[in-house]
Amino acid sequence: MILPPFELHNPNSIKEAIEISQKVKNEGFDYVSGGTDLLQNYKNRLNVKPHLISLKNIKETRSIQNFNIGAMVTLDEISKNKTLQKDFTGLVEACSQVGSILVRKTATIGGNVLIDNRCYFYNQTPFWRTSLGACLKAESDTCRVIPQKEYCVATFSSDSAPMLVAVDAKYELEGKNGKRIVESSDFYTHDGIKRNFKDESEIITKIKIPKTTANLKTGYEKIRVRDTFDYPLVSVAAALKIDKDKKIENINIVLGAIGTYPIKNEDTTDLFKGEKISNSMIKEISEKIQKKAQPYNNLTMPVSYRKKMVGVLCKRLLTRLTDS
Amino acid sequence: MSHTVGKKTPLVDGAQKVTGRAVYIDDIVLPGKVMLIGKILRSPFAHAKIKKIDYSKAKKLKGVYAIATAEDSDNRFGVLPITKDETAFAIDKVTFIGDQIAAVAATDEETAIKALDLIQVEYEELPPILKPEKSLAPISHPDQKIQPWSKYEGNIFKTVNQSFGNVEKALKKSSVVKNGKFSFNGVTHAFTEPMGVIASYGSDKKLTVWSSTQVPHYLHRALAEVMEMPMHRIKVIRPYVGGGFGGKSDPFPHEMAAAILSKKTGKPVKILFDRDEVFISNHGRHPTKTEMQMSATKDGEFTSLEIDALIDGGAWGSFGVITTYYNGVLSLGPYKIKNFNYNGNRVYTNKPASGAMRGHGAVNSRFAVETLIDEIAEDIDFDPCDLRIQNAYEPNSTTANGFRITSCGIKECIEKVKIASGWDKKFKQMPYGKGIGIGCGFYISGSALPINWERMPQSTVHVKIDFDGGVTVHSLAAEIGQGSDTVLAQCVGEVLKCDMSRIRIYSKNTDTAPIDLGSYSSRVTFMAGLAAKRAAEKIKKQILNAASKIMASPIENLELKNDRITELKTKSSISFNEAVREALHDSGALHGKGHYQAPNLNPGLPRVDELRGKESEKGAPMGGSHKGAAAGLSPSYSMGAYVCQLEVDAETGLVNVEKVWAAHDCGKALNPLAVEGQIEGCIHMGLGQALMESFDYNRNTGRIENPNFLDYRCIPPTMMPDVDVFMIESGDPEGPFGAKEAGEGPILPILPAVANAIYDAVGIRLRNLPMTPEKIISAIAKKK
Amino acid sequence: MTLIPFPSKKISKKIVEFNINNEIVELAIRPNDLLLDVIRYKLNLTGTKRGCDMGTCGCCTVIIDDKPVLSCLTLAMQVQDKKIKTIESLQENENMHPIQECFHTEGGSQCGFCTPGFIMTSFALLKENKNPTKEEIKEAISGNMCRCTGYIKIVDSIKKASEKIRGKKSE
Ligand SMILES: Cc1cc2nc3c(=O)[nH]c(=O)nc-3n(C[C@H](O)[C@H](O)[C@H](O)COP(=O)(O)OP(=O)(O)OC[C@H]3O[C@@H](n4cnc5c(N)ncnc54)[C@H](O)[C@@H]3O)c2cc1C
Ligand code: FES
Ligand code: FES
């Protein structure tokens, strides 16, 4: 398969990248870092832009320093990072389950929190889409999942994002209007096309993880048919703070690959704060979260299965985190 | 003691592969940068009339050399001469999503793609017929007929009705009857190398076609028909082939398209498939619905088997006639079942054609038989292994439908895996979630009746030795990774007792190789192996004659061993080269020819060649005399038994296959390294079909939903179990050095072994493949 | 039916310089050229294979600066100044590289189409981990797909190669 034509820019700094973005913004552009997500879509001629601005040559964003992870750090590097292994196990678990080992060697964390949403009707070849008439997110004005839907319900399948949201991580962005820091939990939106509140010109430079994360128990569970290659069918990220009496001080459970963005469950989990952890309580939380979960029918497994797995994963994850 | 056979032998072409020097279709570069790139325009509809094709705009695009459509060729072809229903390009109507409408030859891929965008096709959509049940029904309007020109009345492509013994009577004396409705999703070969072809029509009016194919000979024939050229002006070259498994064993429309485009442009044209096109071309295992009933006495004697199969063929015939027979007849062995009814229908639907895939025709029915046997065992309180042994054939038996079983190591296979797996301590005794199960298999070693009913031998091999002392073997058996080149070299080496490094195999070119039908139906080791052995024996005679002259001693006193010829009495010896040179003097290169043609095993019945077209009148050459008696008839049958141990996660439905003990009777493992590799590869593929591989069709449009390796899931390295392989050597009386097949049969036992182990683990019986996590937890929930 | 046409845009080539198999090359490359295509069609190093084009088979694996990389998802322009190693460079004298030899003798290669990818992945693994366990090997090759071998003999081959490289006899 050949890639459609585009101009490729290779800036050496964030500043330069943003400048280029402003020059070509009228024609349209995408940033690209590892390319493992974007190039798949480009090959399928999905939302191809005339300009690609590569972040590969930018050195500023390539290191992990005190819980600040540069956006260009690869998922493989994160998986192997000793500090993170110890103090943010959940992120290591999430990142080491992305795609395949070969993908993770190139895939970046910045790209991972920004991957395009996925849908059975969208991630297909041009021939395939021609034979059906594509969808809202590609060439048509009809959603194939829910025909009356005005907005796109493609699934946000990032593995790292739910975990980052669960610990209230922040993203550092830099764009035409300068730097800003956003809460990961406020960053994403319900529309599978818009996906998030990033300004077009903005680059994610850092993932900022709260220092307090080291005091939490974090973990990530993902369901997929194969233990490599597959995107999540559904996933659960959890961050817990338990005091010495086994009482819950804080609890965050975030679902991935179930909707258009990482789904938080504060309304459910807040009720349990201050209570002593127990098997029956874990069961109750899991059931409540499962009940609320509403996957769309747009991945390769039936909705009923994915919904059920929300409960199973929750239960397993909470049991695992509270046992250790 | 054997010289080459039975020894672990690295592939003779292996060094090329591991160094990246092996040349596959996409690696071929023709001198002078003249090659054009071909791309195919495919139908977006599953069923539609083509009203108009307008390619005037495309033709004007700079860089476009030619466009081909059905205007250029309407000759039909197909792998079976009795069901030629394919054309290079769709004529008047399209019959599945992906059907080939036109092809463009351009300077590069981008131009070719752009040209495709410019071709305008007007369609009149017809309702697609996607459910095989619907194709069974009579048609009420001519438009409903998927292949309008076909001789069939509606959409039923092939019906087989067979009956042996008396099932009704047998049921009366049976104490247990088990039945079930099974359904099998389609699966596909998923070889790693996408298909591709290069055609070059030269100024000498000769056509050369390189193609990633398992069947150069059938491609050769089909090209001759489509291009209306004599075969002697066509040369087919098979480069290295990156896997086949049956998926490259038909002549294909894209091969015809390349030839047509090359002739039109006078330039070489290459067509290379994208991965989704590979999926669209399919020819994988048929989606099938099978109803099966099996009975036994309380003493554990199998009494009857009834099968009703509805086989979804897709839009073309391919190997479908054979598939329809195999779904029935290959279910009988390795067990003595005297009473048998089979009703099979293969129908046309508006989907990509299904065809031959590893274990062709046998896999799905085998799954049903082997799981019903376990149910019977449970009912009459027999150990599943013992019950199978009790019913298994002995060597030199005849099945109810007349198959002649010669070598037969099935009992040994079962005993081996039973003991090795620690069955007696595990079966029904492991904790909930863990289980162990057994399954067996039975398969042909090549089809005795050739596809083209002619007097032509199925395999011919030439061996040549010249002054350099090198042994050159010419064959058209297609090396596709299974190691056929190596096994032919071993067969020749074994006869000539020479060093393997002397032997070189030329199996790529129809100009130089004598005809061999190709690599399908597990025929190569048996048939081409015998032909190679016979050719080598002729050469050996010439060499020994020469040695006899030099040493002045009769041939009987000479022994050929390790590149030397020794006079047994005097112990004096000469080298292989000395003898060869003597034989060559005054006459030139030595040449030996060997061939294989399946024998007429049923005296009193006419030979294959006398029978052409009269299958039902006089009876078949081997086996019985009923209609279709030749289907499934093979000079030898392979068999095997596997035990599988696994763990089911009852909450997620994910299955962790921990270990497989695999025993396969291959007669004699000529190359144990390759036999093990085939068995392990079969387990990988079979586990995939059992647990996750599935060709998903859209219910309304007939489009393949998952034409990529993300959504069509094959078992990854991390999910492969440990495998203990046992090669059982029953020594086939007719096979080369006792060998029979080991490439397809080994897939059969694993699927039912998994299902039976899942039952042992969590007490559920799934009858729909693949047994996905979702189906598993639903079944567990239902049971509770 | 909406046709999805191939986009048109005039783009220009640029000269890109990199080291491939210890040779410096300078090539005129378009922004949308994939590394895989450049390696195969421009440099004629056809040992690197295309299986899926989408990151799901690993047949296209090459080594860039000691890291295994899927060349079908890599833009050729981005290898400026980088050091690339393909299957063709492993053999350095009359003998094959031990990994190649073991894939050959242990049955790690059948049709051979996936083999270069597996060998490059193994090459990177054995640089990093001289004595990997079976599990570590499986994990390292879990981005490569083989349809012929069932992976068992591939794992054996890599294990054997690691022993060979460490200079030990196999147990
Ligand atoms: C076979 C396969 C399996 C996969 N499986 C998974 C999986 O299981 N889970 C999963 O989460 N992903 C999976 N992926 C997708 C992808 O590989 C990962 O999500 C990866 O982390 C994306 O990172 P990247 O650097 O390659 O992103 P890119 O492809 O470079 O970019 C992705 C998107 O982010 C934007 N972007 C990237 N970096 C920045 C930045 N710093 N600032 C602003 N915008 C930016 C790009 O414009 C683009 O829209 C898989 C991919 C493949 C090929
Ligand atoms: S071709 Fe690159 S991963 Fe398949
Ligand atoms: S050897 Fe054929 S795909 Fe691996």
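Owing to the predicted nature of the structure, the values given are computational and were not obtained by experimental measurement. All chains are named by letter (A, B, ...) in the order of the sequence lines, taking the proteins before the strands, and each is independently numbered beginning at 1.
Using a 4.5 Å cut-off between non-hydrogen atoms, the part of residues 139-154 of chain C that approaches chain A consists of C/Glu139, C/Ala140, C/Ser142, C/Gly143, C/Asn144. Against chain C, the residues from residues 69-85 of chain A that qualify, each with a non-hydrogen atom under 4.5 angstrom away, are A/Thr74, A/Lys80 in number order.
For A/Leu38, no part lies near chain C; criterion is any non-hydrogen pair under 4.5 Å. For chain A, the nearby part of C/Ser8 is the backbone; its heavy atoms alone come within less than 4.5 Å. Of the two parts of C/Ile11, the backbone and the side chain both hold a non-hydrogen atom closer than 4.5 Å to a non-hydrogen atom of chain A. Contact annotation for A/Lys56: only side-chain heavy atoms (C-beta onward) come within less than 4.5 Å of a heavy atom of chain C. At a 4.5 Å heavy-atom cutoff, A/Arg226 makes no contact with chain C through either its backbone or its side chain.
In terms of heavy-atom pairs under 4.5 angstrom with chain A, the leader among C/Thr56, C/Asp37, C/Val69 is C/Thr56. Looking only at heavy-atom pairs under 4.5 Å with chain C, the residue among A/Gly35, A/Ser54, A/Pro50, A/Pro5 that has the most is A/Pro5. Of the listed residues (C/Gly58, C/Cys72, C/Pro31), the one with the most heavy-atom contacts under 4.5 Å to chain A is C/Pro31.
For the residue pair C/Phe6 and A/Ile2, the shortest heavy atom distance occurs at CZ-CD1, 3.9 Å. In this structure, A/Leu102 and C/Pro68 approach most closely via the heavy-atom pair CD2-CB, 3.7 Å. For the pair A/Arg45 and C/Pro5, the tightest heavy-atom approach, listed with the atom from each and the gap, is NH1-C, 3.6 Å.
Checked by atom type and distance alone, the side chain of A/Lys43 never pairs as donor or acceptor with a backbone atom of C/Met54 at under 3.5 Å.
Around CG of C/Asp66, the count of heavy atoms belonging to other residues, nucleotides or ligands within 6.0 Å does not exceed 12. In the displayed structure, A/Lys149 atom NZ is contacted under 6.0 Å by more than 12 heavy atoms of other residues, nucleotides or ligands. By the 6.0 Å contact criterion, NZ on C/Lys83 is open, its count of non-hydrogen atoms from other residues, nucleotides or ligands being 12 or less. With a 6.0 Å radius and a threshold of 12 heavy atoms from other residues, nucleotides or ligands, A/Lys23 has its NZ atom at or below the threshold. Other residues, nucleotides and ligands place more than 12 heavy atoms under 6.0 Å from the NZ atom of C/Lys130.
In this structure, C/Asn32 CG and A/Leu52 CG are separated by 9.5 Å, a value rounded to the nearest 0.5 Å. The distance from the CG atom of C/Leu70 to the OG1 atom of A/Thr36 is 8.5 Å, given to the nearest 0.5 Å. Taking OG1 of A/Thr125 as the reference point, atom CG of C/Asp53 lies at 12.0 Å (rounded to 0.5 Å). In this structure, CZ on C/Arg30 lies 10.0 Å from CG on A/Leu3, to the nearest 0.5 angstrom. With values rounded to the nearest 0.5 angstrom, C/Ile4 atom CD1 is found 3.5 Å from A/Thr130 atom OG1.
A salt bridge does not link C/Lys10 with A/Glu7: none of the charged nitrogens is closer than 4.0 Å to a carboxylate oxygen.
You'll find the side chain of C/Leu75 reaches within 4.5 Å of the side chain of A/Leu8, heavy atoms only. Put simply, the side chain of C/Lys9 reaches to within 4.5 Å of the side chain of A/His51, judged on heavy atoms.
Scanning for ring-ring contact (aromatic ring centres under 6.0 Å, His included) contacts around A/Phe6 gives A/Tyr42, with sequence neighbours left out. Applying the side chain to side chain donor-acceptor pair (under 3.5 Å) rule to A/Asn47 yields the partners A/Tyr122; only residues at least two apart in sequence or on another chain are considered.
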